[in-house]
2 protein chains.
Amino acid sequence: MARTAGSDGERTEAAIREAAVDLIARHGYEAVTMRQLAARVGVQSAALYRYFPTKEDLLFILMREHMEALLDARSNVRPSCGDAEERLAAFVENHIAFHIERRAQTHISNMELRSLSPERLTVILKLRSAYEKELRAILREGAESGAFDLDDIGLTAMAIIQMITGVIVWFRPDERLSVEGVTRTYLSMTMRLVGASTNRETHHVHAGTRLRA
Amino acid sequence: MARTAGSDGERTEAAIREAAVDLIARHGYEAVTMRQLAARVGVQSAALYRYFPTKEDLLFILMREHMEALLDARSNVRPSCGDAEERLAAFVENHIAFHIERRAQTHISNMELRSLSPERLTVILKLRSAYEKELRAILREGAESGAFDLDDIGLTAMAIIQMITGVIVWFRPDERLSVEGVTRTYLSMTMRLVGASTNRETHHVHAGTRLRA
């Protein structure tokens, strides 16, 4: 008992997390029991508690890793140079790709904040805030350089995040819409929203219902 | 027992619904039990089942009423005449006002679709689809008249709904932001998003960070 062998342990821990994401996204955090989770993974409840002493530890770790992975993904694609419009495009593309790949985790991260203790809620909200701050910095830079034309940086940042996260609520790739196609359209809508100068002049894409030249 | 006196019964039913909205928004549908709900309302579980034979009946009724109330609110404010831009503004204002007033119900409606039976899910999705169809009709009219300039009617409709429903996730009126102020900014962002002609020419609102004349 209590053997914490390296790779075996890591595999078990990964299996617990994976099962937890699935169960919580499906039933809601409060409805899922550690017993149910242990049964799904095929371990004793006692083994579960060795990895995650409480159910809330598990929720917190899932949410923290989701946000850390998002911030990591950002720093991988962030163009070190490039103008505000290029940086905004990279932000939007990364955001959509990341969330489409992680629907269940995104659902949990958006829905289960209510179940975190105040201290842990603060940790998660700080990570979110760091992420949103990057977007606000891009918007501010674009507004200052004249590349963007917008009313309120904070509200525009929230509007963009809500709009592009919303993709995962309804979007399933099919014959009409690919991930690439949806990303392209959302990118174009984001550029409109910020009054990007290229959008004002040349960025219009034809697609069926557009009438004005 | 089993007395179904008019106004007493109605009051009890309303109390059950109100308590259910609060409990489900707080803990998630699956985690809430009928016993817990009865205790909150101060009735026997048997009384609860007289009004709502199953817990899923209750969830379905809450979700259906939410959507019906939204559609009703729409038909009350819908301008019978007016151009596409006026109609879009009325749609957005109503949507934000309605959802800010009904945070808990909105949370439930967005999150607990997973717990409906397939037949009932279809009913709710049809109501949603009727609502979204109105928005698409406004966008199509505006695109055809040249008032709007947009790429894809369906994706733009989803983007607008996600963006403006997102307000309730983070917005709490405070000294910096009033409901009216937030609504005004979101209205302006919506008009940008659809490439409204007034926005292209005169609709820009000054607010701190705007630099371009």
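Chain naming here is simple, since letters A, B, ... match the order of the sequence lines and numbering starts at 1 in each.
For the pair B:R192 and A:D151, the tightest heavy-atom approach, listed with the atom from each and the gap, is NH2-OD1, 3.4 Å.
In A:Q36, the CD atom is crowded: over 12 heavy atoms of neighbouring residues, nucleotides or ligands sit closer than 6.0 Å. Annotation: A:E56, atom CD; neighbour count of heavy atoms from other residues, nucleotides and ligands within 6.0 Å is above 12. Heavy-atom neighbours of A:R184 CZ from other residues, nucleotides or ligands within 6.0 Å: at or below the threshold of 12. With a 6.0 Å radius and a threshold of 12 heavy atoms from other residues, nucleotides or ligands, A:E65 has its CD atom above the threshold. Within 6.0 Å of atom CD in B:E68, more than 12 heavy atoms from other residues, nucleotides or ligands are found, so the atom counts as buried in its surroundings.
For a residue to count as touching a neighbouring chain, one of its non-hydrogen atoms must lie under 4.5 Å from one of that chain's; by this rule B:L177 touches chain A with the side chain only. With a threshold of 4.5 angstrom between heavy atoms, A:Y186 approaches chain B through side-chain atoms but not through N, CA, C or O. Contacts of A:R176 with chain B are made by side-chain atoms alone, with heavy-atom separations under 4.5 Å and no backbone atom involved. When heavy atoms are compared at a cutoff of 4.5 Å, A:L125 does not approach chain B at all.
With A:M163 as the partner, the side chain to side chain contact (heavy atoms under 4.5 Å, CB included) test is satisfied by one option alone out of B:I161, B:I164, B:L193, B:I160: B:L193.
Residues B:R114 and A:H107 have side chains in contact (heavy-atom distance under 4.5 Å, counting atoms from C-beta outward). Counting heavy atoms from C-beta on, the side chains of A:T165 and B:Q162 never come closer than 4.5 Å.
With respect to chain B, the highest number of heavy-atom pairs below 4.5 Å among A:T190, A:V167, A:T156 belongs to A:T156.
Taking CD from B:E112 and CE from A:M111, the interatomic distance works out to 10.0 Å, rounded to the nearest 0.5 Å.
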